[in-house]
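Right, one structure below, let's go through it.
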Protein chains: 2
Amino acid sequence: MGSSAREEARIADALRKAVLERKLAPGSKLPEEELAQIFRSNRAKIRRVLLSLSRSHIVTLEPGRGAFVSRPSPQEARDVLASRRLIEVSLLARPHRKLSTQGVTRLRRIMTQEAEAHEKHDAIAMIHVSGQFHLTLIEELGNEVLKSITEELILRMSLIITMYERHNATCCLSSDHHDLLDLLLAKKYAEASILMARHLEGIESCLDFHRDPVTTTILSQILQPVQG
Amino acid sequence: MGSSAREEARIADALRKAVLERKLAPGSKLPEEELAQIFRSNRAKIRRVLLSLSRSHIVTLEPGRGAFVSRPSPQEARDVLASRRLIEVSLLARPHRKLSTQGVTRLRRIMTQEAEAHEKHDAIAMIHVSGQFHLTLIEELGNEVLKSITEELILRMSLIITMYERHNATCCLSSDHHDLLDLLLAKKYAEASILMARHLEGIESCLDFHRDPVTTTILSQILQPVQG
DNA sequence: TCAACCATTATTGTTCACAATATCAAACCC
DNA sequence: GGGTTTGATATTGTGAACAATAATGGTTGA
């Protein structure tokens, strides 16, 4: 069987998904044995997955103690937010290329899904779709490298929001996304970039770095339904 | 012994250094056993290091075949260059903070080393010092996250330059660095960012994506002196 | 009652042997 | 003679057993 890489990718994706959807709280312990049986895998594979995720700052490996979902410090949080803002705002201000017609179609479809999720009050779907909007924008106006960098930053932001969010603030106002696309179609890049800056600052303003980083270490049974 | 992480970091650093200094040609095979005895280590640790490096796009793991130094495609090369340009140029245009006095000192010291390396025609020292200049700038004006992102991009650029460089073009004109610092001290950020854009475009213009990616697979004896 | 210590238990870290796979070369058929 | 097949060799992939380490809980003594 040469599908071991696929299996590891599946496990890593499931963990990343759980982090993105804020089901795995920062600080949660990730015991190798437990993960192995949840995913019907073995420790060796789990271990490689955890090593990979630790390189993406999603997981922190403490020697002799094991793997934990990362708990970004306030400073790290600020840096992640600032970095994402720099990338996305600058890209809108000076996009590498024009929006393709199929790109516009993709963005429109995503916004439709966003509206549906909003209507159903499906917070998890909102997170996914909102992330997809930003990533598609980067893919269209930028390139693959920026996209994968931002993918990682978005994942780290999920941890940050879980730790430091003030109330149940909505992560992304979908109206912003709508206005953003309008401005881009009108080639008003300067205005679009300003809107994006405000958009991301909006997320930031919902954070409170003073409060105790509440990290209820949730049991891993949350992962059970993920792997189907 | 709990120093296994340290040992792995040492091996990873040695490999990264070899890539940065362009001693390890893209496409070179990295056999686990051979690396293990070069670094007086074992396959398990080597394997973990290679997995880590593969996450940084420095190494490519081919299932069943082993690890190879990555050979970035022309498209990937363009994306890496564009991403680095976006980050550094935007950061100069709108720095997150002012240059600290000790930051200026550090940059000046680096430029001194740069002049020395230039005088001695020490190409390897030039690479290191030039990278340090850019990274220090990002650390001073930006943050740690952007710094580590750029660290990875610089490493990938080393591979790109090895594969696609036209002649023996100097990677960074030190005069540019000098002018850059002057502009920053004068708070002429707009001009500084333009200079940075030209600076990085200069590197890009030395590349030729049409020529065959010459990848002389160098033996790993190059690594021997690295680990001392 | 509290604190320090020690034994127990659970988890991680390491090593080894073996299985699977790809590479290479020689033999073979067309 | 060229291309294909087939076996030998080397390298990677996998799993399990063992060692080392940290967390846990209970005991003992002040």
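Reckoned from all heavy atoms, side chains included, excluding hydrogens, waters and symmetry mates. Residue numbering restarts at 1 for every chain, and letters A, B, ... go by the order of the sequence lines.
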Parallel, tilted or perpendicular: rings of A:His199 and A:His134 (30°, 60°)
parallel
Specify whether A:His177 and A:Phe133 have parallel, tilted or perpendicular ring planes, treating 30° as the upper limit for parallel and 60° as the lower limit for perpendicular.
parallel
With sugar-phosphate meaning primed atoms plus P, OP1 and OP2, does B:Ala44 contact a base, only sugar-phosphate, or nothing at under 4.0 Å between heavy atoms?
base
By nearest-nucleotide position on DNA chain D, the 5'-leaning member of A:Arg65 and A:Arg43 is A:Arg43
Donor-acceptor pair under 3.5 Å: do we get one between B:Arg48's side chain and the base of C:dG13?
no
For B:Thr60 and B:Arg71, does a side-chain donor sit closer than 3.5 Å to a side-chain acceptor?
no
Whole-Å distance separating the [atom1] atom of [X] from the [atom2] atom of [N]:
| X | N | atom1 | atom2 | value |
| --- | --- | --- | --- | --- |
| B:Arg47 | D:dG15 | CZ | P | 12 Å |
| A:Glu7 | C:dA20 | CD | C1' | 16 Å |
| B:Gln37 | D:dA10 | CD | P | 14 Å |
| A:Glu32 | D:dA16 | CD | P | 15 Å |
| B:Glu33 | D:dT9 | CD | P | 18 Å |
| B:Glu62 | C:dT23 | CD | P | 9 Å |
| A:Leu50 | C:dT11 | CG | C1' | 13 Å |
| A:Phe68 | C:dT12 | CZ | P | 8 Å |

Return no unless some side-chain N or O of [X] is found under 4.0 Å from OP1 or OP2 of [N].
| X | N | value |
| --- | --- | --- |
| A:Lys45 | D:dG15 | yes |
| B:Lys29 | C:dT23 | no |
| A:Asn42 | D:dT14 | no |

For the residue pair B:Met196 and B:Leu200, establish whether any side-chain heavy-atom pair is separated by less than 4.5 Å.
yes
